[in-house]
Amino acid sequence: MDEQTRLMHSHSGVGMAGHPGLPQHMQEGTGGTDGDGRKQDIGDILQQIMTITDQSLDEAQARKHALNCHRMKPALFNVLCEIKEKTVLSIRGAQEEEPPDPQLMRLDNMLLAEGVSGPEKGGGSAAAAVAAAAAASGGVGVGAENTTEHSDYRAKLTQIRQIYHTELEKYEQACNEFTTHVMNLLREQSRTRPISPKEIERMVNIIHRKFSSIQMQLKQSTCEAVMILRSRFLDARRKRRNFNKQATEILNEYFYSHLSNPYPSEEAKEELAKKCAITVAQVSNWFGNKRIRYKKNIGKFQEEANMYAARTAVNAANASSHGSQANSPSTPNSAGGYPSPCYQSDRRIQ
DNA sequence: TATGATGATTTCCA
DNA sequence: TGGAAATCATCATA
């Protein structure tokens, strides 16, 4: 007697009719000779499954093989798959319906806005902000420097972008490889235990979620890197550069030549800003700083004041002999000459 | 590396 | 709202 026949005819007596876990269609049509035969088959299989762990390895392997070849096996597997889907999987399935993670959405949005993820758009909003900051600060000789810094920023952002995409690709590749591996494994196993396609799908989803959480960490660290880069390049104080010598001379010249009233009008500020290649705001800052520092320590600035007074006197003499005018920007309040190099404000500074 | 110089920012006031 | 004053942060130099 071959193994299958022996299996089919041994262990009789374990019926499936009325089995609580068995679907109705499997319980119907069990009457009659054919039905009795089926009942006995299923009983045999279940009995063998129950006792398979008590047997030796070789015997168990032989029985496993016999079970695999059993004509009722596909039907029984289908039933078991159905039961699994109706119980365990349906419960888990209900739990797995999760809304999109808001943190992940934030990270995705930020990476998109910064131009790290999505189509390359030349550095994103931060790059634009850096460019704007560069344009706003633009001192003498600083313009080129800002351009360099801007390109530095873009280069570093591109570097971050490349690292991000490389890592992302690696994760996706690993995820796909692992998913394929698990799917093959499950398909292989589905020959020896009931595994439904839904179960495989669920397993794939679990793997994808695990890899998504790793991806989220990658996104988080990328965002942090971008934020650090951004703060480094956007912090104006960090970017502070001294004005060049020529610009400082022009500003000092104006300051000491209008020492009695060192408050340039808007027009004068604009002119000075133009001459020094800095912004009007920077001119205002400079005069604000200069006034307060001069006032605090007139003695210290005495020498500087005398020097500028002498220099401008020479310029004025040259100008008058050539019939031209002094080149310092004029203001409605301009004294037009050099007051004594001490602070004689007729306005707000006392 | 300490220190002074200096450009920028913030807060308050008239 | 512009300016004074205080403060911060970085630069430059000894």
Side-chain angles (χ1 to χ4, degrees), chain A residues 125-153 155-156 224-312 328-335 339-350:
Chain A
S125 62
V130 170
S137 62
V140 174
V142 178
E145 221 168 293
N146 280 332
T147 312
T148 312
E149 283 196 1
H150 186 206
S151 64
D152 272 359
Y153 177 87
K156 285 194 165 62
E224 279 169 18
V226 171
M227 291 308 287
I228 290 165
L229 183 70
R230 196 175 174 163
S231 68
R232 263 184 56 192
F233 278 86
L234 286 179
D235 189 343
R237 282 178 175 172
R238 204 180 279 274
K239 273 162 54 68
R240 190 184 76 78
R241 296 279 183 278
N242 289 351
F243 298 155
N244 73 356
K245 211 174 171 185
Q246 195 193 345
T248 311
E249 297 244 316
I250 292 167
L251 293 167
N252 271 317
E253 223 165 79
Y254 185 96
F255 180 81
Y256 288 112
S257 63
H258 298 79
L259 204 51
S260 60
N261 185 32
Y263 298 87
S265 63
E266 279 307 305
E267 292 76 22
K269 280 181 190 173
E270 276 170 27
E271 204 177 331
L272 283 168
K274 213 171 174 183
K275 272 188 160 185
C276 300
I278 57 177
T279 64
V280 173
Q282 283 177 305
V283 172
S284 298
N285 282 339
W286 189 92
F287 273 89
N289 285 324
K290 190 73 182 179
R291 280 192 298 264
I292 194 78
R293 283 164 187 163
Y294 182 85
K295 187 188 165 189
K296 272 187 175 175
N297 197 348
I298 294 173
K300 194 184 109 184
F301 288 95
Q302 195 74 58
E303 202 181 327
E304 190 179 61
N306 288 335
M307 186 194 73
Y308 278 102
R311 191 187 295 180
T312 318
S328 62
S330 61
T331 70
N333 298 324
S334 173
S340 61
C342 59
Y343 214 87
Q344 296 175 347
S345 171
D346 55 357
R347 278 185 58 174
R348 297 172 59 167
I349 297 177
Q350 285 101 29

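Numbered from 1 within each chain, the chains take letters A, B, ... in sequence-line order. As the structure is a computational prediction, the values presented were derived from the model and not from experiment.
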Short side-chain N/O contact from A:Gln282 to OP1 or OP2 of B:dA8, under 4.0 Å: yes
Provide the closest heavy-atom pair for A:Lys290 versus A:Phe301 in the form atom of the first, atom of the second, distance. NZ-CE2, 3.5 Å
Angle of first-five versus last-five pair axes in the helix from B:dT1-C:dA14 to B:dA14-C:dT1, to 10 degrees: 10°
Respond yes when some side-chain nitrogen or oxygen of A:Arg241 is under 4.0 Å from OP1 or OP2 of C:dT10, and no when none is. no
Within this structure, what is the NZ-CD1 distance for the pair A:Lys269 and A:Ile278, rounded to the nearest 0.5 Å? 11.5 Å
Taking CH2 from A:Trp286 and P from C:dA4, how many angstroms apart are they, rounded to a whole number? 13 Å
Could you tell me how far apart A:Asn244 (CG) and B:dT6 (P) are, to the nearest whole angstrom? 14 Å
Can you find a side chain N or O atom of A:Tyr263 that sits less than 4.0 Å from OP1 or OP2 on C:dA4? yes
The side chain of A:Lys295 is closest to which nucleotide in this list: B:dT6, C:dA5, C:dG3? C:dA5
Does B:dA5 have OP1 or OP2 sitting under 4.0 Å from an N or O in the side chain of A:Arg293? no
In whole angstroms, the gap separating P of B:dA5 from CG of A:Asn252 amounts to 14 Å
What pairs of residues pass the ring pair (Phe, Tyr, Trp, His ring centres under 6.0 Å) test when at least one of them lies in residues 268-293 of chain A, not counting sequence neighbours? A:Tyr254-A:Phe287
With sequence neighbours excluded, what pairs up with A:Glu270 under the salt bridge (Lys or Arg N to Asp or Glu O under 4.0 Å) test? none
What integer distance in Å separates A:Phe243:CZ from B:dA8:P? 4 Å
Distance test, side-chain N/O of A:Lys269 to OP1/OP2 of C:dG3, below 4.0 Å: yes
For A:Asn289 and B:dG4, what is the distance between atoms CG and P respectively, to the nearest whole Å? 18 Å
Distance test, side-chain N/O of A:Lys300 to OP1/OP2 of B:dG4, below 4.0 Å: no
I need the CD1-C1' distance between A:Ile292 and B:dT10, as an integer number of Å. 14 Å
In whole Å, I'd like the distance from the CG atom of A:Asn297 to the C1' atom of B:dT6. 15 Å
For A:Asn306, run the side chain to side chain contact (heavy atoms under 4.5 Å, CB included) check against A:Glu303, A:Gln302, A:Glu304 and tell me which one passes. A:Gln302
Can you check whether A:Asn285 has a side-chain N or O nearer than 4.0 Å to OP1 or OP2 of B:dG7? no
With the threshold set at 4.0 Å, does a side-chain nitrogen-carboxylate oxygen contact exist between A:Glu249 and A:Arg311? yes
A:Phe287 CZ - C:dG3 P separation (whole Å): 11 Å
Does a side-chain N or O of A:Lys290 approach OP1 or OP2 of B:dG7 to a distance below 4.0 Å, or not? no
Any A:Tyr294 side-chain heavy atom under 4.5 Å of A:Tyr256 side chain: yes
